[in-house]
Amino acid sequence: MRVIVLGGGVVGVTTAYQLQKDGHEVVLLERQHQVAAETSWGNAGMIAPGHSFVWSSPRAPMILLKSLVLKDQALRFKISADPRLYSWSWLFLLECTAEKARRNTLLKHRLAAYSQSVLREVVADEAIDYDRNDRGILYFHRSQQALDKGVEHMKLLESDGQVIKVLDRDGVVALDPSLASAKEKIAGGIYCPTDETGDPAKFTRALAAKVVERGGAIHTGTTITGIETSGDGVAQVLTDKGPFKGDAYVLALGSYSPVLARTIGISLPIYPIKGYSLTIPVGNRPQPPTIASVDEHNLVAISRFGDRIRVTATAEFAGYDTSHKPADFAFMKGVTEELYPEGADYDRAEMWAGLRPMTPNNLPAFGRQRLRNLYLNTGHGHIGWTMSHGSARITADLVAGRTPAISMDGLLN
């Protein structure tokens, strides 16, 4: 078939790759000047099944309430005139029970672990340099009490096959000597040796080049203006560069998916949650991080991409606003400098803010809704890089009418 993929982030490009692998003719549409120029550019870069816990937990409502007063909360809620923020927030709150959080976390982990296995197949098949680091990810705590709670919490993922190792502070420093100067501030950590990191934008652009080499078409600088339907299907996609017709269509526009979907009567419970990141050159600093870590007390994530480090933090319920100012990055920069004082040239940090396409239960939307030839692959939230490869394979399977390799019970709309 001829399949039109809407969206050129990591989800759209991996989907195009998997569809092409199945023998389809693929055409991808992306409004930016190149693929992976929005959310896929500035995220943490972690392939982290070990971080599959959903945000919609029993603790979330109090954190959001506190954020109206305290500005240092990892989750921040901004009062807005957007009615969709409140309807989405209500659905989010309904997911914040212990039972639903447990169920959704296990579903998310199933998808994340499968996705990592698909990524490894792609890496084995394709020569792609994306600053991969497969030494694992360290999730560390600053008090023994928090560490004990974290270990107990992690048992849920361990029961689903996640490999974990509990380290004391000496073990943390042995794993990553660059944390030696912060040793006394760290009680210990949970090490997930099978988690990994890599630059998602670098990966996505290299994979997109493979798709084009093999005959696929990627139209960047092409803004989708509408979808034209006929009967029970999509007839064509309208853009500022003219219409595009296909046999099937995949909606992979991340935070903008619900905006386009509404025009054809499909309601998607996806809302943009703003995240912030710093990309900092290592320069000549002698002790950069050697593996990725998450400061669980401050919810600051730090990844190493070759000669750069990526620092991410904060989730702000702020609509489609991607504006930012230096003060927004002061806390996360301060935490990173405290942990890795000789880790990077902090004065040369590049600031970025972008949108995570969040669903209330933190699970992406798959499959068809209402229209026979429109497939959803969207709403991957804060670990879209982790879940993208499996989601792409699942979407290719659904387009082909095949049963996906993992159970879709609880994952398919």
Side-chain angles (χ1 to χ4, degrees), residues 43-60 74 98-99 101-120 123 132-180 182-183 185-198 289-304 310 312-313 339 362-363 381-387 389-390 406-407:
N43 64 35
M46 294 183 172
I47 301 291
H51 222 228
S52 294
F53 293 99
V54 294
W55 287 4
S56 46
S57 72
R59 293 176 58 237
E99 182 182 348
R102 185 181 190 281
R103 172 186 178 273
N104 293 336
T105 292
L106 288 173
L107 288 170
K108 192 173 175 183
H109 187 257
R110 179 202 304 167
L111 175 58
Y114 171 62
S115 186
Q116 185 181 31
S117 70
V118 176
L119 167 65
R120 288 173 174 169
V123 169
R132 183 186 187 195
N133 185 330
D134 61 0
R135 287 189 57 219
I137 299 177
L138 171 69
Y139 307 93
F140 68 82
H141 296 269
R142 291 180 178 248
S143 73
Q144 188 61 46
Q145 182 183 21
L147 176 61
D148 292 342
K149 284 185 178 177
V151 172
E152 188 63 31
H153 196 45
M154 189 64 87
K155 285 180 179 176
L156 177 61
L157 299 187
E158 190 177 30
S159 72
D160 199 44
Q162 182 70 37
V163 178
I164 71 167
K165 295 182 179 179
V166 181
L167 305 177
D168 60 14
R169 59 166 54 99
D170 289 329
V172 165
V173 173
L175 179 68
D176 190 352
S178 63
L179 284 168
K183 177 179 175 179
K185 295 167 184 170
I186 298 171
I190 301 164
Y191 174 49
C192 292
T194 57
D195 284 1
E196 55 188 286
T197 55
T290 61
I291 68 166
S293 67
V294 178
D295 179 344
E296 293 284 17
H297 177 74
N298 293 304
L299 292 181
V300 173
I302 300 123
S303 297
R304 171 84 178 273
R310 172 70 52 77
T312 53
L339 293 168
N362 282 201
L363 298 170
H382 72 113
I383 58 169
W385 173 218
T386 300
M387 297 192 290
H389 310 88
I406 62 168
S407 169

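Just so it is clear, the model here is predicted, and its values are computed rather than measured.
- Within the 4.5 Å cutoff, side-chain heavy atoms of Leu179 are placed close to those of Leu339.
- Residues Ala101 and Ser57 share a closest heavy-atom pair of CB-CA, 4.1 Å.
- Residues that satisfy the side-chain contact (heavy atoms from CB on, under 4.5 Å) test with Asp168, not counting sequence neighbours, are Asp170.
- Residues meeting the side-chain contact (heavy atoms from CB on, under 4.5 Å) test with His153, sequence neighbours left out: Phe53.
- Note that CZ of Phe140 and NE2 of His297 are 10.5 Å apart. Values are rounded to the nearest 0.5 Å.
- Taken from CD in Gln116 to CH2 in Trp385, the straight-line distance is 10.5 Å, to the nearest 0.5 Å.
- The closest side-chain heavy-atom distance from Leu156 to His109 is not below 4.5 Å.
- Distance check, rounded to the nearest 0.5 Å: CG of Leu363 to OG of Ser52 gives 10.0 Å.
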Given Leu138 and Val172, is the side-chain contact (heavy atoms from CB on, under 4.5 Å) satisfied, shown in steps? CA-CA 8 Å; Leu138 171 69; Val172 165; 3.7 Å; yes
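- Remark: Thr386 OG1 to Leu119 CG distance equals 9.5 Å, nearest 0.5 Å.
- Judged as a salt bridge (charged side-chain N to carboxylate O under 4.0 Å, His left out), and not counting sequence neighbours, the contacts of Arg120 are Glu196.
- Within the 4.5 Å cutoff, no side-chain heavy atoms of Thr312 are placed close to those of Asn43.
- Considering only heavy atoms from C-beta on, Glu296 stays 4.5 Å or farther from Ile190 through its side chain.
- The heavy-atom pair separating Ser115 from His389 by the smallest distance is OG-N, 3.1 Å.
- Remark: Ser293 pairs with Tyr340 by the side-chain hydrogen bond (donor to acceptor under 3.5 Å, both in side chains) rule, at least two apart or across chains.
- With sequence neighbours excluded, the residues that form a side-chain hydrogen bond (donor to acceptor under 3.5 Å, both in side chains) with Lys185 are Glu338.
- Remark: Val166 engages Val151 in a side-chain contact (heavy atoms from CB on, under 4.5 Å) (not counting sequence neighbours).
- Expressed to the nearest 0.5 Å, how far CZ of Arg135 lies from OH of Tyr191 amounts to 6.0 Å.
- Put simply, the side chain of Asn104 never gets that close to the backbone of Val54: no donor and acceptor are under 3.5 Å apart.
- Looking only at side-chain heavy atoms (C-beta outward), Asp176 and Pro289 come within less than 4.5 Å of each other.
- Scanning for salt bridge (charged side-chain N to carboxylate O under 4.0 Å, His left out) contacts around Lys149 gives an empty result, with sequence neighbours left out.
- Shortest non-hydrogen contact noted between Val300 and Ala313 is CG2-CB, 4.0 Å.
- Residues forming a ring-ring contact (aromatic ring centres under 6.0 Å, His included) with Tyr139 (at least two apart in sequence, or on another chain): His51.
- Looking at Arg132 and Ile47, their side chains never come closer than 4.5 Å, going by heavy atoms from C-beta outward.
- With sequence neighbours left out, Ala146 forms a side-chain contact (heavy atoms from CB on, under 4.5 Å) with His141, Ser143.
- For Glu152, the side-chain hydrogen bond (donor to acceptor under 3.5 Å, both in side chains) criterion is met by Lys155, not counting sequence neighbours.
- Rounding to the nearest 0.5 angstrom, the gap separating the CD atom in Gln144 from the CZ atom in Arg169 is 8.5 Å.
- The side-chain hydrogen bond (donor to acceptor under 3.5 Å, both in side chains) search around Asp134 returns none, not counting sequence neighbours.
- Taking the side chain as every heavy atom from C-beta outward, Arg102 and Leu106 approach each other to under 4.5 Å.
- Asn133 and Thr197 share no side-chain donor-acceptor pair at under 3.5 Å.
- The two residues Met154 and Gly50 make their nearest non-hydrogen contact at CE-O, 3.5 Å.
- The shortest distance between side-chain heavy atoms of Arg304 and Ile291 does not fall below 4.5 Å.
- Qualifying salt bridge (charged side-chain N to carboxylate O under 4.0 Å, His left out) partners for Asp295, counting only residues two or more places apart in sequence or in other chains: Arg142.
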